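Notes for the one structure printed next.
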Amino acid sequence: MILNLGETICFRKRPIKTKMKKYTPLLLLFCLACKHPTQVPAVHISLINNNTSLKITGIDPVILADINRDTVKAWQSLFTVYRMPADTDMKNYQPVQPGKYLLADSVLVFTPDTPFIKQQTYFMRYYNYAGNKSVWDYIKGKTKAGQLHFTDLIFKQ
């Protein structure tokens with residue numbers, strides 16, 4: 001290939017496009033390597049005290065201490081317990097299971113006002129307010145404006 005740049009004549013063995021093709025996989029690898037993996041908190045639940053209370057573990061102790069220091073102590077806004085309906089499509093419309101929350105040594109214990117019913121399935125909804133907040137999550141459609149991210153943990157008495 002001969003390029004005429006005014007009075008200067010340059011001889012090129014390869015066109016510029018092949019060099020770009022050569023470095024494209026490297027650029028793509030670099031872009032993908034910079035992505036941070038999404039870390040989902042490992043919140044675990046188990047029944048304790050003769051199946052009368054629900055033990056919630058795996059929560060960041062700093063977050064627990066912050067909420068416990070608050071005068072409102074809005075545990076129910078983070079960890080809400082519901083009774084599982086027969087029609088699971090109606091999960092989002094169930095009333096909240098009332099009860100008391102107690103924090104002891106980075107373990108949150110929920111005790112319902114009325115005991116859990118035998119052979120009844122319940123679920124605890126854990127709201128992850130951090131969620132997917134990057135711009136790419138909105139572009140990819142993983143997140144919509146105003147959408148809350150939550151995880152349902154199911155347990156049976």
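What you see is a predicted model, and the numbers here were worked out from it, not measured in a lab. Throughout, residue positions are numbered sequentially from 1 according to the sequence presented.
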Check whether S53 reaches the backbone of N49 with its side chain - one donor and one acceptor, N or O, closer than 3.5 Å.
no
Is it the case that the side chain of Q94 and the backbone of V81 share a donor-acceptor pair, with hydrogens and angles ignored and the cut-off at 3.5 Å?
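No: the side chain of Q94 does not pair with the backbone of V81.
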Dump the intermediate steps for side-chain contact (heavy atoms from CB on, under 4.5 Å) on I154 and Y122, then the final yes or no.
CA-CA 6 Å; I154 300 170; Y122 295 87; over 6 Å; no
Least distance between heavy atoms, [X] atom then [Y] atom:
X   : Y    : answer
T80 : Y101 : CA-OH, 4.1 Å
Q97 : P112 : NE2-CB, 3.8 Å
L64 : V107 : CD1-N, 4.5 Å

Non-neighbouring partners of Q119 that pass side chain to side chain contact (heavy atoms under 4.5 Å, CB included), sequence neighbours left out
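Side chain to side chain contact (heavy atoms under 4.5 Å, CB included) list for Q119, sorted by chain: K156.
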What is the ring orientation for F155 with F116, classed by angle as parallel under 30°, tilted 30 to 60°, or perpendicular over 60°?
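F155 and F116: perpendicular rings.
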side-chain contact (heavy atoms from CB on, under 4.5 Å) assessment of L47 paired with L54
CA-CA 5 Å; L47 289 168; L54 183 68; 4.1 Å; yes
Connected via hydrophobic side-chain network under 4.5 Å: [X] and [Y]:
X    : Y    : value
I48  : M124 : no
F79  : I63  : yes
Y126 : L102 : no
I59  : V109 : no
F150 : M84  : yes

Going by the rule salt bridge (Lys or Arg N to Asp or Glu O under 4.0 Å), which residues pair with D152 if we only count those two or more places apart in sequence or in a different chain?
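Once residues adjacent in sequence are excluded, the partners of D152 under the salt bridge (Lys or Arg N to Asp or Glu O under 4.0 Å) criterion are K91, R125.
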I want to check something: taking the side chain as every heavy atom from C-beta on, are P98 and D113 in contact at a cut-off of under 4.5 Å?
yes
Just so I know, are the side chains of L153 and V43 near enough to count as touching, which here means a heavy-atom distance under 4.5 Å?
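The answer is yes; the side chains approach within 4.5 Å.
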Under the rule for ring pair (Phe, Tyr, Trp, His ring centres under 6.0 Å), what residues qualify as partners of F123, not counting sequence neighbours?
Y82
So, taking the atom named CD1 in I56 and the one named OG in S106, what distance separates them when rounded to the nearest 0.5 Å?
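Answer rounded to 0.5 Å: 12.5 Å.
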